[in-house]
Amino acid sequence: LADVDDFAREALGLIDRLYGMALRLTRNPADAEDLVQETYARAFKARRQFKAGSNLRAWLFTILHHQFLNDRRREKTNPVDVDSDVAERAAETTSSGEPGIEEELLRRVSDDEVRAALDQVPPQFAEAVWLRDAEGFSYVEIGEMLGIPPGTVMSRISRGRRLLASRLGEAQNR
Amino acid sequence: MNQKPACREVEEQLTPFVDGELPADRAETVRAHLAACPPCRAAERTERTGRKILQDRSETICGKASAALCAAVRKILPERRR
């Protein structure tokens with residue numbers, strides 16, 4: 001059973017990372033904690049399916065993603081339609097392009113403002129950006145986790161970053 | 001949004017460009033266009049801003065899993081043989 005112990009120890013070591021992703025998806029600590037617990041419960045139950053030597057972090061993030069979708073379906077909350085006109089139009093909003101404004105913004109913006117701006121980005125976009133920029137996964141890895149082609153991953157990242165930057169810009173200009 | 005076809009093409013490639021995921025020849029084409037096109041440079045800065053903010057702040061904006069959560073997960077760990 002030594003391998004099971006190693007697996008559990010390694011999985012537990014990733015709890016902060018899973019909690020970070022869960023918080024971005026659920027947008028509140030209580031739901032994020034539930035999601036992380038459910039993710040571990042499923043992962044431990046399915047641990048025989050994990051291929052030794054493959055990426056445990058990617059495997060756990062995949063489980064978390066599916067668990068989140070399941071929870072939403074069960075609660076009958078409408079998942080945000082990523083292809084809706086609203087999301088499309090919102091994604092086209094870009095910042096003013098004034099020279100230097102972005103660099104200045106990065107210095108001035110507070111953690112609370114970043115959190116608030118990120119919470120205004122539709123979850124599908126925020127998730128893709130988070131997996132790339134906070135977790136450093138490749139387009140291909142993200143595509144496998146979310147079950148979407150790399151081209152879609154790229155466009156979600158692109159929209160997510162633009163939305164985030166424009167929400168931050170708006171927050172700074174208020 | 002930029003309307004010129006060349007700008008549209010560059011805009012579509014900005015994400016892999018800033019991520020260093022474009023093949024060298026295509027990256028060079030994008031770089032040359034950016035050097036000559038202020039609106040596309042603005043779009044590139046926006047892309048880099050969105051990217052950098054999470055690279056820099058992801059850990060501080062999330063905090064860590066609470067002690068209660070860690071304890072709850074430890075309770076469901078697979079049984080160990082001691």
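In what follows, chains carry the letters A, B, and so on, assigned in the order in which the sequence lines appear, proteins first and then strands, with residues in each chain numbered from 1. We use all heavy atoms of the structure for the numbers below, so side chains are in, but hydrogens, waters and symmetry mates are not.
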Hydrophobic cluster identity match, I61(B) and V121(A), side-chain contacts under 4.5 Å: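 Per the 4.5 Å side-chain linkage, I61(B) and V121(A) are co-clustered.
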Transitive ILVMFWY side-chain link L69(B) to I76(B), under 4.5 Å: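 Yes, L69(B) connects to I76(B) through the hydrophobic network.
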Set of ring pair (Phe, Tyr, Trp, His ring centres under 6.0 Å) partners for Y19(A), sequence neighbours left out: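 Counting only residues at least two positions away or on another chain, Y19(A) forms no ring pair (Phe, Tyr, Trp, His ring centres under 6.0 Å).
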ring-ring contact (aromatic ring centres under 6.0 Å, His included) contacts touching residues 127-165 of chain A (sequence neighbours left out):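 Listed once each, the pairs are F61(A)-F137(A).
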SB check E21(B) R26(B) (cutoff 4.0 Å):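 Result for this pair is no, no salt bridge flagged.
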Sidechain N-carboxylate O distance under 4.0 Å for E11(B), R8(B):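 R8(B) and E11(B): not salt-bridged.
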Report the option among [options] that has the most heavy-atom pairs separated by less than 4.5 Å from atoms of chain B.
options	result
R17(A), R115(A), R132(A), Q37(A)	R132(A)
M154(A), K45(A), E135(A)	M154(A)
V36(A), D112(A), I157(A)	V36(A)
A41(A), S158(A), S138(A)	S158(A)

Contact origin within S110(A) toward chain B - heavy atom pairs under 4.5 Å: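 Backbone only.
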Which portion of L18(A) sits near chain B, non-hydrogen atoms under 4.5 angstrom: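 Neither part.
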Quick one: what part of [X] sits under 4.5 Å from any heavy atom of chain A, side chain, backbone, both or neither?
X	answer
D19(B)	both
E44(B)	neither
R51(B)	both

Spacing of CD belonging to Q124(A) relative to CG belonging to L69(A), to within rounding of 0.5 Å: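 Output value for this atom pair is 8.0 Å.
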Interatomic distance, E59(B) atom CD to D111(A) atom CG [nearest 0.5 angstrom]: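 Nearest 0.5 Å value for the CD-CG distance: 11.5 Å.
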Most contacts with chain A, counted as non-hydrogen pairs under 4.5 angstrom, among S66(B), P16(B), A72(B):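 If we count pairs closer than 4.5 Å to chain A, P16(B) comes out on top.
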Selection from R57(B), K75(B), R48(B) maximising heavy-atom pairs under 4.5 Å formed with chain A: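 Option with the greatest count: R57(B).
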Student check: side-chain heavy atoms of R74(B) and L77(B) closer than 4.5 Å: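 R74(B) vs L77(B): side chains touch.
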Residues from residues 21-31 of chain A approaching chain B under 4.5 Å (heavy atoms):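 The list, in residue order, reads L23(A), R24(A).
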Expected output: side-chain S54(A) to main-chain F50(A) donor-acceptor under 3.5 Å: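 Pair absent, no side-chain N/O of S54(A) close to backbone of F50(A).
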Under 3.5 Å, side-chain donor or acceptor atoms of residues 142-152 of chain A against the rest of the protein: list the pairs with distances, not counting sequence neighbours.
none

